[in-house]
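Here the structure is a predicted model, which is why all the values come from computation and not from measurement. Every chain is numbered from 1 and lettered A, B, ... according to where its sequence line falls, protein lines coming before strand lines.
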There are 2 protein chains.
Amino acid sequence: MTGTPPAATLTPVFSALADDTRWQILAELGRAELSASGLAAILPVSRQAIAKHLAVLAEVGLVEPVRVGREVRYRALGARLAETARALETIGAQWDRRLAAIKRLAETP
Amino acid sequence: MTGTPPAATLTPVFSALADDTRWQILAELGRAELSASGLAAILPVSRQAIAKHLAVLAEVGLVEPVRVGREVRYRALGARLAETARALETIGAQWDRRLAAIKRLAETP
DNA sequence: TACGGGTGCAACTAGCGAGTTGCACTCAAG
DNA sequence: CTTGAGTGCAACTCGCTAGTTGCACCCGTA
């Protein structure tokens, strides 16, 4: 059931993105597909910690597991990021639109 | 010196957005400028908790304090959201671009 | 088949963050 | 001047999360 929810709530995505280690992981996965062990060889944290981070990222659809032989590599998915970006842009535009309307109203003689 | 940094790191912004209560606050502020006490009258948390949240949001430039008489109202700023949205979109596009390049390479006979 | 790199599950610790209560101060309005 | 609504600071609790270590299992390869 956790297949590919379009964008249930966006809070979990931000929660997933609110961690430096996860951003390091995402940066590496954006460069090349890597397994948890491969990432652990690069980043200064244990393999299990990385595995947990990957689970979090996969949960919100930011990465996707890919079986290669007997290892599980992960791929960074830009779609979810773009989706989140559009949501943010919409909300921010609403705020600014309201502000502009108030300003216009105040300048009306 | 914490005036208006363009976009130091984006992790703190996501950290600020990774909380439901803060989103409720932002939603209210997007509707109208309110003080901490005003928000506390609406949301089911104490005024001090809201004050902390407002401090966090102001720290990353998502809200802005506005003195009105003896109270301090807060205004939601869409600019930071739009800025963050653009950063996300750029990163996501990079990932997808790399994937597309690999796919194209694999289909080359 | 025997080996070993890779993965997954579980228990545990430490620290950060959200929330609360209590108190003191300030300043606009009566 | 007096009042009280609004704000700010501080100490405290509690739950979540990042990180660790240890162990068991699986499966591709030599």
Side-chain angles (χ1 to χ4, degrees), chain A residues 2 8-29 31-76, chain B residues 2-3 8-29 31-76 84:
Chain A
T2 57
T9 37
L10 62 174
T11 306
V13 180
F14 293 130
S15 187
L17 292 176
D19 187 281
D20 284 312
T21 303
R22 279 197 281 268
W23 271 107
Q24 292 181 18
I25 292 176
L26 287 176
E28 295 297 332
L29 293 184
R31 196 171 301 127
E33 298 177 5
L34 287 170
S35 64
S37 299
L39 285 166
I42 302 176
L43 303 178
V45 284
S46 67
R47 179 183 60 86
Q48 283 77 358
I50 290 180
K52 283 189 187 178
H53 285 308
L54 288 173
V56 172
L57 292 172
E59 183 75 18
V60 297
L62 283 170
V63 301
E64 185 185 40
V66 182
R67 287 210 60 112
V68 178
R70 70 181 165 197
E71 61 183 323
V72 182
R73 298 188 186 165
Y74 285 82
R75 159 189 307 164
Chain B
T2 56
T9 38
L10 61 175
T11 306
V13 181
F14 292 130
S15 187
L17 293 176
D19 187 280
D20 284 312
T21 302
R22 278 197 282 268
W23 271 107
Q24 292 181 20
I25 292 177
L26 287 176
E28 296 298 332
L29 293 184
R31 195 171 301 127
E33 298 177 6
L34 287 170
S35 64
S37 299
L39 286 166
I42 303 176
L43 303 178
V45 285
S46 68
R47 177 183 61 85
Q48 282 76 359
I50 290 181
K52 285 188 187 179
H53 286 308
L54 288 173
V56 172
L57 292 172
E59 183 75 18
V60 297
L62 283 169
V63 301
E64 185 185 39
V66 182
R67 288 209 60 112
V68 177
R70 72 180 165 198
E71 61 183 322
V72 181
R73 298 189 185 164
Y74 285 81
R75 158 189 308 165
T84 307

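Along DNA chain D, the nucleotide nearest to H53(A) and the one nearest to V72(B) differ in position, and the one closer to the 5' end is contacted by V72(B). In terms of position on DNA chain D, the residue among A51(B) and R70(A) whose nearest nucleotide sits closer to the 5' end is A51(B).
Nucleic acid contact for R73(B): none, since no nucleic acid atom lies under 4.0 Å from a heavy atom of the residue.
Contact annotation: S46(A) side-chain N/O to dG19(D) OP1/OP2 distance is not under 4.0 Å. The phosphate of dT7(D) has OP1 or OP2 within less than 4.0 Å of a side-chain N or O from S35(B). Applying the 4.0 Å criterion to OP1 and OP2 of dA5(D), one finds that S37(B) has every side-chain N and O outside that range.
In the interface, the side chain of E71(A) is not paired with the base of dG28(D) through any donor and acceptor atom under 3.5 Å apart. Between the side chain of R47(A) and the base of dG8(C), a donor-acceptor pair under 3.5 Å is found. In this model, a side-chain donor or acceptor of K52(B) finds a partner on the base of dG19(C) within 3.5 Å.
Protein atom CD1 of I25(B) is 12 Å distant from nucleotide atom C1' of dG19(C), rounded to whole Å. Here the P atom of nucleotide dT7(C) and the CZ atom of R67(A) are 9 Å apart, to the nearest Å. Spacing between atom CG of L54(B) and atom C1' of dG6(D) amounts to 14 Å, rounded to whole angstrom units. The distance between atom CG of D19(B) and atom P of dT17(D), rounded to the nearest whole Å, is 12 Å. Note: CD (E59(A)) to P (dA18(D)) measures 13 Å, nearest angstrom.
For A49(A), whose side chain is taken as the heavy atoms from C-beta onward, the closest listed nucleotide among dA18(D), dG19(C), dT20(D) is dT20(D). Proximity note for T21(A) (side chain, C-beta onward) versus dA18(D), dC23(C), dG19(D): the nearest is dG19(D).
Of all non-hydrogen atoms in T11(A) and D19(B), the two that sit nearest each other are CG2-N, 4.0 Å.
Distance alone, capped at 3.5 Å, places no donor-acceptor pair between the R47(B) side chain and the A40(B) backbone.
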